[in-house]
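Down below is the structure, laid out as structure tokens.
Fair warning: this is a prediction, and the values are worked out from it, not measured in the lab.
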Amino acid sequence: MTSIESKRVQYRKYLERAGVIDALSKALIKLYEEQNKPEDAIRFVRKFMCESCPDDAQYDVMKNDLEEAKTHISKLEQELERLRGQIKKSPEEYQELTTEGYKSLMDDEENVSSLLRKYLTPELLEEYMLVTTPAPVDAYLYDCAVSGFEHHDAPVGIFAADADSYDVFNKLFDPIIKDYHGQMDNENDVLQKDPDFGNVDEIENLDPERKYILSARIRVARNIEGLPFFPKLTEKQFIEVEEKVRSATETMDGELVGSYLTMADIDAETQAEMVKRHILFQRGDEKLTTAGCYRFWPTGRGVYHNPAETFLIWVNRQDHVHIMSMAQCGDLGDVYNRLVNGLTELEKTLAFARHPRYGNLTACPTNLGTTLRASVHIRLPLLSKDPDRLIALAEELQLQVRGTDGGELATVEDGVMDISNKRKLGFTEFELVKTLQDGVVALINAEEELEIAGQEG
Ligand code: ADP
Ligand code: MG
């Protein structure tokens, strides 16, 4: 007898000895004999097998108790988070945390590619360690770099805690920004041109026959002038952002008319379902957690959307607002037109933070400039059989390929991927949307060539 077989025999003997087989058989026979087969068969078996088990009424009471306890715990956790958020660190504590964080980042010899590690020299650390942005925010370098100090694999590793961070810690932010956005040689004072949405009519439906493109989306991020960014927003300010956005949306008209839902009012199941449909965000990213993005969650978070779900505003996801326009087809022109209209409307009431050199300000330096990401979810089954070629082609076209959940390309399902403009800073909004348009057209052409080659071959 093999060892597996002998183990199996031993186990069966043990189950018999312990009466398990007998008890299970009786329960199954009882169920078999039952005239009206219960919907919940497991509950029936459980009840039969365990006489001391709670009856249905008791079970319901216990379930309620558990729910209440869970709610209570989550309230206490929020309270704890809130109190933690109110503890002010002394300059000495900041100094100690910064020194430790820096040391652990620099000592790590495996994860060496973050831009924070690359540009935060010991001299800069010394210079900036005890400097703060203006009151009342008083952001330290640590407030910006804490996530990169902890997550050494972060590609960038730094967030601006407020608009002033970009100036106060400029000798660190500037090289990081130029490195990321590929503008190392551009020493001009102005990296980002003035906003220019161009001639919206030049952007078109990229797939009128609905053969390849499942959906199109364009988003921009904005932060309200005068309020800190997420790493230093107070609980009150999270609510202030929400209130300001909510009242700004009240004047929307036409297809932009919609309603605002605050996160706390959306039950967990609906949230999950909305995330799946790409119209809501969730918390969870570790790097953002460390950066302070989810403090006081779900306070101040929410979504504004029209009934068609083609125009949306996410409030306090990361930046104060993510404004987006979507379509369940390839009509990029329609999407772009609506985005421009929606943004123009919002700008009538809300003033957003802008920088003379970096354009629209976002907490993450990778989003600066236009902050615009135009994307399509597209199915290119033949091209995506050769990911290396596809990625090389996309690079050439200044496009980025992601999985449809926003993650790495590895998650491509059924040949569907997320393709978007790669650059955000140094070009106009129109140029970037046009880049996506031209690039997607080129990719569709390449796919069609493969189709023809396949038919001929
Ligand atoms: P961003 O940083 O532009 O907000 P993410 O990659 O974080 O983008 O994705 C946010 C959400 O938007 C995800 O649910 C993603 O699937 C969805 N999304 C992005 N592009 C599209 C698109 N073209 N069509 C439908 N959903 C999209
Ligand atoms: Mg994102």
Thinking salt bridges, do R354 and E225 make one under a 4.0 Å N-O criterion? no

Using atom types as modelled and distance alone, determine if a side-chain donor or acceptor of Q400 lies under 3.5 Å from a backbone N or O of S420. no

Steps toward side chain to side chain contact (heavy atoms under 4.5 Å, CB included) verdict (L361, N223): CA-CA 7 Å; L361 286 183; N223 287 282; 5.5 Å; no

Per side-chain hydrogen bond (donor to acceptor under 3.5 Å, both in side chains), T133 is matched among D164, D138, D162 by D162

Criterion side chain to side chain contact (heavy atoms under 4.5 Å, CB included) on R301 and T262, from CA distance to verdict: CA-CA 6 Å; R301 277 74 171 191; T262 193; over 6 Å; no

Check whether NZ of the Lys or CZ of the Arg R43 lies under 6.0 Å from the centre of the six-membered ring of Y59 and within 45 degrees of that ring's axis. yes

What distance do Q95 atom CD and L125 atom CG have between them, rounded to the nearest 0.5 Å? 9.5 Å

Which pairs with one or both residues in residues 205-236 pass ring pair (Phe, Tyr, Trp, His ring centres under 6.0 Å), sequence neighbours excluded? F159-F230

Any side-chain to backbone donor/acceptor pair from D143 onto Y140? Under 3.5 Å, distance only. yes

Any chance you could measure S114, atom OG, to D108, atom CG, to the nearest 0.5 Å? 9.5 Å

Can you list the residues that meet the salt bridge (charged side-chain N to carboxylate O under 4.0 Å, His left out) rule with K385, with sequence neighbours excluded? none

Is there side-chain contact between K244 and H320, with heavy atoms separated by less than 4.5 Å? no

Quick one: does I218's side chain get under 4.5 Å of L372's, heavy atoms only? yes

